[in-house]
Amino acid sequence: MVNPENRHIDDLLDAYALGALEPYEVAEVEAHLEGCASCRQSAARARATAQHLLLAAPAVQPPAALRAKVLARVHAVAAQEQAR
């Protein structure tokens, strides 16, 4: 989606901060940020929030049974892939 009106790109900033945009969207956001101080500030806040989320994730420990179930599934899929 090209931004011909140079409108603010608030709806893309959170996904941009998380690295969850398509390449054409990244290009759109970065082009807009070059000329928009307001969106640069919003992007900086979104990146800071994303960084805090990354740091918080290791603090959450899944229940042992869930962890074991997920790891068993990962190993089973890996074994299937190796058998191919």
Side-chain angles (χ1 to χ4, degrees):
M1 170 173 79
V2 176
N3 191 353
E5 303 88 29
N6 201 29
R7 68 184 183 282
H8 294 290
I9 38 85
D10 297 331
D11 56 329
L12 297 174
L13 289 177
D14 291 334
Y16 175 74
L18 292 169
L21 293 180
E22 296 294 327
Y24 73 92
E25 293 170 312
V26 170
E28 177 184 346
V29 169
E30 290 176 350
H32 180 82
L33 291 177
E34 287 179 14
C36 183
S38 173
C39 285
R40 277 195 305 274
Q41 290 175 341
S42 294
R45 285 191 300 272
R47 281 191 296 269
T49 300
Q51 197 64 22
H52 284 105
L53 289 173
L54 291 173
L55 295 173
V60 177
Q61 296 295 323
L66 176 59
R67 184 177 187 279
K69 185 176 180 179
V70 169
L71 288 175
R73 179 69 179 139
V74 168
H75 292 296
V77 170
Q80 288 174 347
E81 290 297 317
Q82 287 179 346
R84 289 185 185 180

Going from CD on Q51 to OG1 on T49, what distance comes out if it is rounded to the nearest 0.5 angstrom? 10.5 Å
To the nearest 0.5 Å, what is the distance between CG on D11 and CD on E25? 9.0 Å
Nearest non-hydrogen partners of [X] and [Y], listed with the distance:
X   : Y   : answer
A50 : L18 : CB-CD2, 3.7 Å
S42 : R45 : OG-NH2, 3.1 Å
R40 : L33 : NH1-O, 2.6 Å
L21 : L12 : CD1-O, 3.8 Å

Can you confirm whether more than 12 heavy atoms, excluding those of R67, are under 6.0 Å from its CZ atom? no
With distance as the sole criterion, is a donor-acceptor pair present between the side chains of E30 and Y16 under 3.5 Å? yes
Ignoring hydrogens and angles, tell me if any N or O in the side chain of R47 forms a donor-acceptor pair with the backbone of A17 under 3.5 Å. no
